[in-house]
Amino acid sequence: MLDRRSVLTLAAGLAPGLAFAQGAAPAAPTPPPLAADDPRMTERSVGRADAPVTVIEYFSLTCGHCAAFHRETWPKVKSDLVETGRMRMVYRDFPLDGLALAAAAVARSLPVERYEPFISTLLNTQDRWAFARGGDPREELFKVAALAGMSRPKYDEVLADQALARAILAARVAGQQEHNVSATPTFVFGNRPVSGNLAFPRFAALVAETR
């Protein structure tokens, strides 16, 4: 996990947007903002809309603690709490570096029904695409995106989309302000933020307390 000072430092480094992830040269003029109804920035969630408890997860796709949660805890959360109608999980991007920002943009550019399977795949195979030795993480990310049905031209278009990158970063800042997020993963149970890779018993207890 990262402390608040580290997060703020990284935010400054991410300001150029996806061009940072691509290793591009000087940034182009600031693009116009996304339309308010752009479908790529609508809520991404799993679970019944009328579930009695909503949990928000702030996560980064290159965060090792986030990956550990999705490998070790999320499958049981999904089967025991989400699929039984006891809770709904809402995903909110909190990218900690340019590669995570690129991956978040790709995820949001896929059809909504492919979002959760895609980010779960990225988190479960994080060591193979984000931290593969001797490889280009962007090319490894494309391989996963291609399996989800994204073409190469579309992938390149997404990585060059500065308006989308800025919208994701703006949502991250909103999360810092709304829920005092300073580390990933952070889960918000009702109005209570709890950070860290939570084991299932602790996660389930927090859900029960939120009812």
Which value, rounded to the nearest 0.5 Å, describes the distance between [X] atom [atom1] and [Y] atom [atom2]?
X      : Y      : atom1 : atom2 : answer
Leu147 : Arg114 : CG    : CZ    : 11.5 Å
Leu81  : Trp74  : CG    : CH2   : 9.0 Å
Leu141 : Leu122 : CG    : CG    : 6.0 Å
Gln126 : Thr121 : CD    : OG1   : 13.0 Å

For the pair Arg44 and Glu113, find out whether any cationic side-chain nitrogen is under 4.0 Å from an anionic carboxylate oxygen.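 No, no charged N to carboxylate O under 4.0 Å.
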Give me each pair satisfying salt bridge (Lys or Arg N to Asp or Glu O under 4.0 Å) with a member in [range], each pair once, sequence neighbours excluded.
range            : answer
residues 50-72   : Arg48-Asp50
residues 180-201 : Arg192-Glu209
residues 100-111 : Asp93-Arg108

Once ring-ring contact (aromatic ring centres under 6.0 Å, His included) is applied, what residue pairs with a partner in residues 163-185 remain, sequence neighbours excluded?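 Passing the test, one end in residues 163-185: Tyr58-His179.
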If you draw the axis of the six-membered ring of Phe142, does the NZ or CZ of Arg152 fall within 45° of it and under 6.0 Å from the ring centre?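 Arg152 over Phe142 ring: yes.
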What heavy-atom pair brings [X] and [Y] nearest, and what distance separates the two atoms?
X      : Y      : answer
Ser60  : Leu123 : O-CD2, 4.0 Å
Leu96  : Cys63  : CD1-CB, 4.3 Å
Tyr115 : Ala107 : CD1-O, 3.5 Å
Pro137 : Ala130 : CG-O, 4.0 Å
Thr186 : Pro193 : CG2-CB, 4.0 Å
Ala100 : Thr62  : CB-OG1, 3.4 Å

Would a 4.5 Å heavy-atom cut-off, applied to side chains only, mark [X] and [Y] as touching?
X      : Y     : result
Pro185 : His65 : yes
Ile168 : Pro95 : yes
Tyr91  : Val46 : yes
Val188 : Val55 : no
Met89  : Ile56 : no

Might you work through the side-chain contact (heavy atoms from CB on, under 4.5 Å) test for Glu140 and Val144, ending with a clear yes or no? CA-CA 7 Å; Glu140 297 304 318; Val144 185; over 6 Å; no
Does any N or O in the side chain of Thr54 come within less than 3.5 Å of the main-chain N or O of Arg88, such that one atom is a donor and the other an acceptor?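 No, Thr54 side chain to Arg88 backbone: no donor-acceptor pair under 3.5 Å.
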Give a yes or no on whether the backbone of Arg128 and the side-chain of Thr125 come within a donor-acceptor separation of less than 3.5 Å.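 Pair absent, no side-chain N/O of Thr125 close to backbone of Arg128.
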Mind checking what makes ring-ring contact (aromatic ring centres under 6.0 Å, His included) contact with Phe187, not counting sequence neighbours?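 If we apply the ring-ring contact (aromatic ring centres under 6.0 Å, His included) test to Phe187, skipping adjacent residues, the hits are Phe69, Phe203.
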Evaluate the criterion side-chain contact (heavy atoms from CB on, under 4.5 Å) for residue pair Arg86 and Val53; output intermediate values, then yes/no. CA-CA 7 Å; Arg86 295 170 60 189; Val53 175; over 6 Å; no
Who pairs with Ala163 by side-chain contact (heavy atoms from CB on, under 4.5 Å), at least two apart in sequence or on another chain?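 Applying side-chain contact (heavy atoms from CB on, under 4.5 Å) to Ala163 gives Pro31, Leu34, Asp161.
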Step by step, would you call Ser109 with Leu164 a side-chain contact (heavy atoms from CB on, under 4.5 Å)? CA-CA 9 Å; Ser109 298; Leu164 177 58; 3.7 Å; yes
ILVMFWY network linking Phe200 to Val194, side-chain heavy atoms under 4.5 angstrom: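 Cluster IDs for Phe200 and Val194 match.
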Any chance you could lay out the side-chain contact (heavy atoms from CB on, under 4.5 Å) test for Trp129 and Lys143, step after step, and finish with the verdict? CA-CA 9 Å; Trp129 66 273; Lys143 292 176 184 178; over 6 Å; no
